[in-house]
Amino acid sequence: MTAQQPRRRPRSEPMSRVDTAWLRMEKPTNPMMITGVLMFAEPMSLERLRDLVEQRFLAYTRFRQKPVDGPTGAAWQDDAGFDIDRHVQPAALPGRGDKRALERFVSRLGSSPLDKDRPLWQFHLVERYRGGSALVARVHHCYADGMALVQVLLSLTDTVRDPDAGRDLARDWLKQDGAEVARRVGAVARYRKLGGRVIEKGMEMYRDPSLAAMLAKEGGEIARELLVALALPDDPPSLLRGPLGASKRVAWAEPLDLEEVKAVGRACDCTVNDVLMAAAAGALRDYMRERGEPVDGITLRATVPINLRPLEHAKKLGNHFGLVFLDLPVGEPNPVRRLERVASCMNQLKSSKQAIVAYGLLAALGMTPQAVQEVALALLSRKATAVATNVPGPQQPLYLAGCTLREMMFWVPQTGSIGIGISILSYNGRVHFGLIADARLIPDPDAVIRRFGPEFEKLLYLALMGDWSAALDATAAEGLLDGAA
């Protein structure tokens with residue numbers, strides 16, 4: 001008889017400090033999942049989807065691994081019993097299976113944590129949705145940041161309905177549209193202007209994630225940025241802040257025309273992101289006023305992720321981003337003044353190193369005990385009311401498993417006491433806007449997102465008038481700027 005072979009222990013590798021920080025942020029009130037919804041014009045086969053996930057998604061070996069936390073740190077461990085059927089599952093919507101039913105389904109998934117005994121990701125295929133299908137993807141934030149995961153999901157797609165066998169995926173939209181995406185993302189170029197060393201410094205901190213080392217390398221400027229971030233006053237109390245529950249609500253708006261958004265940006269010399277965030281601030285303002293909240297003079301903040309990886313590395317897993325605090329002037333009744341304030345704040349952030357400081361802080365927190373991390377997270381999360389993300393997607397039609405990708409949306413998780421997430425994603429000439437919120441704060445997110453389009457239309461109307469100052473005087477006199485007409 002041959003001796004029984006010893007059972008091989010699952011392969012394990014240490015988790016980075018930043019990824020560890022995101023793993024440990026998981027709470028019942030804020031599951032650390034990035035959730036995406038992709039809607040298709042034609043019905044999709046579950047079998048074909050599983051084959052595609054096997055070939056392309058699982059080409060990233062990380063997705064066959066599960067995070068395991070322990071007293072000496074967190075690690076990635078191979079899942080010896082990996083079964084793709086546990087991760088790619090069919091789903092059905094009740095009733096007519098309309099948009100509202102899909103939003104409720106995504107809300108339930110967004111409120112439910114992933115199974116910690118398995119790799120922390122799942123695909124749910126709604127096989128019948130509006131004449132086609134819908135795919136809901138959930139991936140834990142410790143695997144990668146939103147920028148990387150959007151690219152990973154898009155690596156499942158093709159630029160033609162029936163691609164040739166063995167087609168080189170390097171020729172996907174990221175390479176074809178690289179220059180345009182780089183211009184709109186802007187983060188890499190902006191940070192290179194700070195001295196050409198910021199990306200390198202970010203990677204240095206990744207390898208040596210000591211806050212003390214970071215301060216020693218960058219000296220007084222980084223120290224000042226850290227003090228500025230920590231000295232920010234807490235966001236003012238409002239109905240958008242409060243105790244969180246375990247139930248989340250999700251909704252998304254009808255898409256905007258990207259060329260119209262660009263036209264508004266050109267008219268007032270600001271970016272597409274500035275225009276969209278100003279429209280989001282206006283939607284929140286109008287919603288708060290409808291619920292009887294006094295908003296005059298109030299400014300809320302949103303934490304905004306800033307990509308710190310070179311664009312050509314956008315599909316690499318892991319978390320490589322910093323955070324900045326963006327003002328949302330919900331107390332400003334004039335939509336153009338609101339836009340000017342958002343643009344001014346963003347311009348100031350572009351010349352700061354706040355994102356790098358936040359990256360270093362996350363790395364440092366990944367080394368601290370859980371209790372210390374929770375205290376620090378509570379301190380930082382009190383300084384903002386929402387998380388806001390804007391990811392530029394491909395501006396050409398895409399196909400997945402032979403089906404036309406019609407619309408898509410995603411949400412990143414909130415942290416600490418923050419209970420609202422604003423997401424903006426552009427695709428194929430249209431801009432998609434979505435909201436995820438704690439049900440205790442915003443039980444009716446559709447009441448917010450249906451205001452997004454009208455707020456943008458105010459800016460578009462004023463842009464078409466051409467003379468901003470005259471337009472402001474005329475519309476203010478008629479009471480049109482704040483829905484007072």
Side-chain angles (χ1 to χ4, degrees), residues 30-39 99 102-103 105-107 109-111 134-141 144-154 181 184-185 187 240 248-256 258 261 271-284 287 300-307 314 319 321 323-324 326 328 342 346 384-394 405 407-415 418-428 430-438 441-442 445-453 455-456:
N30 262 330
M32 286 293 106
M33 292 180 298
I34 296 172
T35 304
V37 181
L38 292 80
M39 290 157 268
K99 176 175 178 285
L102 181 59
E103 287 175 337
F105 177 66
V106 178
S107 297
L109 291 175
S111 308
L135 179 64
V136 184
R138 300 191 295 156
V139 185
H140 199 282
H141 206 317
D145 54 52
M147 171 67 86
L149 286 177
V150 167
Q151 313 313 325
V152 169
L153 290 178
L154 289 174
V181 171
R184 285 186 282 117
V185 173
L240 303 182
K248 308 301 172 187
R249 296 286 186 271
V250 166
W252 54 89
E254 291 301 315
L256 304 177
L258 180 57
V261 180
T271 68
V272 165
N273 186 63
D274 297 336
V275 174
L276 297 172
M277 291 310 302
L284 288 173
Y287 174 76
L300 304 179
R301 292 192 205 92
T303 58
V304 179
I306 298 294
N307 180 40
N319 288 276
F321 70 98
L323 296 170
V324 295
L326 176 66
L328 297 178
V342 168
M346 186 57 78
T385 293
V387 175
T389 57
N390 182 4
V391 174
L405 179 56
E407 297 179 43
M408 59 179 168
M409 180 43 60
F410 79 106
W411 297 269
V412 298
Q414 297 75 64
T415 56
I418 298 176
I420 297 172
I422 299 167
S423 292
I424 300 169
L425 187 147
S426 60
Y427 165 59
N428 196 23
R430 302 201 295 176
V431 178
H432 301 264
F433 174 81
L435 186 77
I436 184 170
D438 190 276
L441 303 179
I442 302 181
D446 186 66
V448 178
I449 61 101
R450 70 169 180 256
R451 290 168 159 84
F452 182 67
E455 286 297 326
F456 169 72

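For the atom pair Ile449 CD1 and Leu284 CG, the distance stands at 12.0 Å (nearest 0.5 Å). To the nearest 0.5 Å, atoms CG (Leu149) and NE2 (His141) are separated by 8.0 Å. A distance of 7.5 Å separates CG of Leu154 from CG of Leu405, quoted to the nearest 0.5 Å. We find the CG-OG1 distance between Asn390 and Thr271 to be 8.5 Å, quoted to the nearest 0.5 Å. Here the straight-line distance linking atom CE of Met32 with atom CD of Gln414 works out to 7.5 Å at 0.5 Å rounding. Rounding to the nearest 0.5 Å places CE of Met39 at 8.5 Å from NZ of Lys99.
Nearest heavy atoms, Ala280 versus Phe452: N-CE1, 3.8 Å. For the residue pair Val261 and Val431, the shortest heavy atom distance occurs at CG2-CG2, 4.3 Å. When all heavy atoms are compared, the tightest approach of Gly419 to Leu441 is CA-CD1, 4.0 Å. Pairing each heavy atom of Pro255 with each of Glu407, the nearest pair is CD-OE1, 4.4 Å. Annotation for Trp411 and Ala251: closest pair CZ2-O, 3.9 Å, computed over non-hydrogen atoms. Across Met408 and Pro394, no two heavy atoms sit closer than the pair CE-CD, 4.1 Å.
Between the side chain of Ser423 and the main chain of Gly434, no donor-acceptor pair closer than 3.5 Å is present. Counting only distance, with no hydrogens or angles, the side chain of Ser107 and the backbone of Val250 share a donor-acceptor pair below 3.5 Å.
The closest side-chain heavy-atom distance from Trp252 to Glu103 is below 4.5 Å. Side-chain contact between Ile422 and Leu435 is present, with heavy atoms from C-beta onward closer than 4.5 Å. Using a 4.5 Å cut-off on side-chain heavy atoms (C-beta onward), Met409 and Val106 make no contact. With contacts defined as side-chain heavy-atom distances shorter than 4.5 Å, the pair Ser111/Lys248 qualifies. Between Val412 and Val387, some side-chain heavy-atom pair lies under the 4.5 Å cut-off. Counting heavy atoms from C-beta on, the side chains of Phe433 and Leu256 never come closer than 4.5 Å.
Put simply, the residue from Ile418, Ile442, Asp438 that forms a side-chain contact (heavy atoms from CB on, under 4.5 Å) with Leu240 is Ile442.
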* Chi angles and distances behind the side chain to side chain contact (heavy atoms under 4.5 Å, CB included) call for Val37, Leu102 -> CA-CA 9 Å; Val37 181; Leu102 181 59; 4.1 Å; yes
